[in-house]
Peer 1: 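One structure, pasted below without further comment.
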Amino acid sequence: MPERLFGTNGVRGVVNEDMTSDLALQMGKAIGTVMGGALAIATDTRATADMIKTAVSSGMMSAGVNVLDLGVLPTPAIQYYVKTHDNVKGGVMITASHNPPEFNGIKCISFDGTEASRKEEEEIEAHYYKDIPCAPWDSVGDMDRIRGAGEEYVDAIVSKVDAESIRKAGLKVCLDCANGAAYETTPLLLKKLNVKAVTVNCNPQGGSPGRPSEPTEENLRDLISLTRSTQSDLGIAHDGDADRCVFVANDGSFVSGDKSLALLSKYILSKNKGLVVTPVSSSALVEEIVKGSGGEIEYTAVGSPIVARKMIATGAVFGGEENGGLIFPEQQYCRDGGMTVAKMLECIVKEGPLRDQISGFPVYYTVKKKIECPNDMKKHVLEHIANESTGATIDRTDGMKVVFDEGWILARPSGTEPIFRIFSESKDEEVAKKRAEKYEALVREYLN
Ligand code: MG
């Protein structure tokens, strides 16, 4: 493991290769020492959940911290538990989100339910590499099994939407949980909202996820055909730890995360004008719909904790990412897959079928490229791109975004790998393609 343990989403690795019980134990000691207690812990459904959870818990208890084991939960459900229980000083979620089954990960949650800040992570990292003193035998922590955290989370969601209207509508949906963490909570949520659900991949089988847990169109073939054949009002899909949610429309067409972010922005702004926060990588569709709905847009660097913190600082009414990770301030400042389900149900009950609502949206085309680039050259490449882009607007919020009269390109160096990613978007497919090729050539020429 490198000096920097934490990536953008906690510490992740292949189990028993780099994500070992030794690492988990030492992480537990460091987390317990830095955060104090009590600390909550939960897992998704991965086959290795118990091994990692018990090692982390043992480390935390050895540091004198009481551990509350919440069982299998979506990431936003443990976040909600930590936020709403004053005796809980923080939490740990054992998940590798959408990564393949051989991965697992450790993600830290602050006392207020938000993802741990980089400062907290650095403190934990600093302790991780030290010899951590243990608590004396008579003050080690103990472990309590807590039941009902999932239902607390679901009830909180129900209280934040117009549940009566949803119940009366008698909707029918198809649900795909990737056999992941939402296998109990989202069916329970739908039941409480009187929504009839046909389920697929809703068994807690971490070793055999049923489908790759990234909710892309490609991976949701079963859900798409099921939604179509059952003539359901909506198809709903989570990633493995259910902090995200994407949809299939009532005609069986896949709805990209950009579109659901844009649509829910429009719906939320129709009641509550204000700011919507999203990373610079999001489609201009979001900005166009937000502005057309009387709202304003604020861009951030890529990463959901960054979006969440900007939302807190600005008092934004809504925010989220193009991958289906949406943040509802009335519930909590983190991506919340369950809340996304409930809000979308309310939106179609009030405003009509999903297909009709998005059919008028303008069409944008995106082209993505990946270029190898040595880490020490990344800064120079960015400057080269800026120099070659005279006349356009340069935005350095994250990497280099070059905004043209119509469309934009974003060049982002990876934080972990020696690569550059180039995104090009335009309403004109040909322009998006040509621009992506032009900037790819620009970077390659420079590197040669
Ligand atoms: Mg996730």
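Each ligand, and each atom within it, is numbered from 1 in the order the structure gives. Just the heavy atoms: all of them, side chains too, but no hydrogens, waters or symmetry mates, feed the values below.
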Peer 1: Under 2.8 Å from the Mg ion (ligand 1), can any N, O or S atom of Thr95 be found?
Peer 2: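 So Thr95 does not bind the Mg ion (ligand 1) by this criterion.
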Peer 1: Side chains of Thr300 and Thr278: closer than 4.5 Å at any heavy-atom pair?
Peer 2: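 No, side chains not in contact.
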Peer 1: May I ask you to check if Lys310 and Tyr299 form a cation-pi contact, with NZ or CZ under 6.0 angstrom from the six-membered ring centre and within 45° of the axis?
Peer 2: no
Peer 1: Start with the C-alpha gap between Glu296 and Lys291, add the side-chain angles, then the distance that decides, and say whether salt bridge (Lys or Arg N to Asp or Glu O under 4.0 Å) holds.
Peer 2: CA-CA 6 Å; Glu296 282 173 71; Lys291 287 184 171 163; over 6 Å; no
Peer 1: Name whichever N, O or S atom of Asp239 ends up nearest to the Mg ion (ligand 1).
Peer 2: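 That would be atom OD2.
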Peer 1: Assess the residue pair Arg244 and His238 against the criterion (side chain to side chain contact (heavy atoms under 4.5 Å, CB included)); give the C-alpha distance rounded to whole Å, side-chain angles, the decisive distance to 0.1 Å, and a yes or no.
Peer 2: CA-CA 6 Å; Arg244 296 192 274 138; His238 290 297; over 6 Å; no
Peer 1: What angle sits at the Mg ion (ligand 1) between OD1 of Asp241 and OD1 of Asp243, to 10°?
Peer 2: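 It is 90°, given to the nearest 10°.
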